Amino acid sequence: MTAIDALIVNRQVKLKPGDTIGILGGGQLGRMLAMAAARLGLRCQVFSPDPDSPAFDVVLNAACAEYADVEALELFANDVDVITYEFENVPAAAALILAARRPVLPNRKILETTQDRLAEKDFVKRLGIGTADYADVSSPATLRAAISRIGLPAVIKTRRFGYDGKGQAMIREGDNTDHIWEELGTKSAILEAFIPFEREISVIAARSASGEVECFDVTENEHRDHILKISRAPAAISDALAAQARDVAGKIATALDYVGVLAVEMFVLVDDTGPKILVNEIAPRVHNSGHWTLDGASISQFEQHIRAIAGWPLGKPVRHGPVTMTNLIGDEILEYEQWLTVPGATVHLYGKGPPRPGRKMGHVTLVEGKRAKTS
Ligand SMILES: Nc1ncnc2c1ncn2[C@@H]1O[C@H](COP(=O)(O)OP(=O)(O)O)[C@@H](O)[C@H]1O
Ligand SMILES: [Mg+2]
């Protein structure tokens, strides 16, 4: 055991109604986590540096401070019974300060793997799970070497801080790779073979402290401008492939000794031998492709996460029917009144400020078979 590990509060968490969960991050995911906790009689306190955090609106106590503010982190930790997060880029130093005072779930060590695309891919590969071919790239010369091994087209991605397609670029035959490297503006990246996938899917998995795993039905995801636009559950894949996808997510959760909800994004690639699954990335948190579970299943991903970190039994979610979730991005939020009139639609508005292009402002869920008149 290292000196740091000796400092970590590792006690088993078992919350009671009325106890308080600390959430790092104040976006829509934190907001929906707090709302799910409230239904179970649990309180939340949100820590976020952004005064306009949508999660602040739904909790009594908010801490608005920087993640480097040690005193604010300590006060926050002292006020809560367990700490979780809604985004994967929690600074390591902040996670350590908090973990010395309260249990942090999922474990902060998981962040080291999932914050770095190279460490994440190495981890998945070690489990014997397929990914796109990839290579570590740190200079124009290593990029050229990686291209000669992996071939083109390929995708170059910064190892850290990428989201919604930011921090990545396609490289095609004839492109000026020195120029692409310069534009990427980093010293650490990975090159991935471009996967001509048939479809993109994801699995939202929950794992409890006792090691029980529950996966939601596999979701199929459609991106527009690299941003998730539509999720459908169940994915239009065979039962065998769906079972394989859930198995991959469960294996990853177990290997990470994960407690909480995680999402695994995957490609379905069809080649001569038939369809196969390649893991694209792991999100150590609730995920946009699981928003359909709020209205489309008996238990949502948010509730599953709260149950897991509270030390409560996981739910056995039942899907209510085929579900479609549509993100309202940027100006699309201005049409919310039209969505409110769509029969069977459930509208979620995140209460964010002005719509900016590419900003996720809300979503709408439609469950088939729920369109019958109820009044
Ligand atoms: N190797 C690849 N082959 C084909 N498409 C890819 C590849 N990597 C990423 N993409 C596309 O870009 C999207 C975003 O990439 P991803 O690695 O998930 O980054 P992030 O979601 O963090 O921006 C993916 O959902 C997929 O549509
Ligand atoms: Mg992604």
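Whatever order the structure lists them in is the order used to number ligands and atoms, beginning at 1. No hydrogens, no waters, no symmetry mates; every other heavy atom, side chains included, goes into these values. These numbers come from a predicted model, not from an experiment.
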Counting heavy atoms only, which part of [X] comes closer than 4.0 Å to ligand 1: side chain, backbone, both or neither?
X      : value
Pro196 : neither
Asn280 : side chain
Phe194 : both

Exercise. Is at least one protein non-hydrogen atom found at under 4.0 angstrom from atom 26 (C) of ligand 1?
Worked result: yes

Ignoring hydrogens and angles, state whether a donor on the side chain of [X] or [Y] is under 3.5 Å from an acceptor on the partner side chain.
X      : Y      : result
His320 : Glu368 : no
Thr324 : Trp292 : no
Tyr134 : Asp122 : yes

Problem set entry | For the Mg ion (ligand 2): the N/O/S atom of Glu281 at shortest distance | OE2

Exercise. What is the closest protein heavy atom to atom 12 (O) of ligand 1, and at what distance does it sit?
Worked result: Gln168 OE1, 3.8 Å

Problem set entry | Heavy-atom nearest neighbour in the protein, as seen from atom 3 (N) of ligand 1, with distance rounded to 0.1 Å | Ile195 N, 2.8 Å

Quick check: [X] and ligand 1, any N/O pair under 3.5 Å apart?
X      : value
Arg117 : yes
Gly165 : yes
Phe197 : no

Problem set entry | ILVMFWY cluster, Leu40 and Leu314 together (side-chain gap under 4.5 Å) |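 No, Leu40 and Leu314 fall in different hydrophobic clusters.
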
For this session: Assess whether side-chain contact (heavy atoms from CB on, under 4.5 Å) is satisfied between Asn221 and Ile230, documenting all intermediate values.
Result: CA-CA 6 Å; Asn221 303 311; Ile230 295 175; over 6 Å; no

Problem set entry | Least distance between heavy atoms, Ala235 atom then Ile201 atom |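 Heavy-atom minimum between the residues: CB-CG2, 4.0 Å.
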
Exercise. At their closest point, which heavy atom of Val203 faces which heavy atom of Ala249, and how far apart are they?
Worked result: CG1-CB, 3.5 Å

For this session: For the residue pair Phe47 and Phe76, categorise the inter-ring angle as parallel (less than 30°), tilted (30 to 60°) or perpendicular (more than 60°).
Result: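 Ring orientation, 0 to 90° scale: perpendicular.
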
Exercise. Is it true that Gly167 lies under 4.0 Å from ligand 1, counting heavy atoms only?
Worked result: no

Exercise. Is it true that some N/O/S atom of Glu265, main chain or side chain, lies under 2.8 Å from the Mg ion (ligand 2)?
Worked result: yes

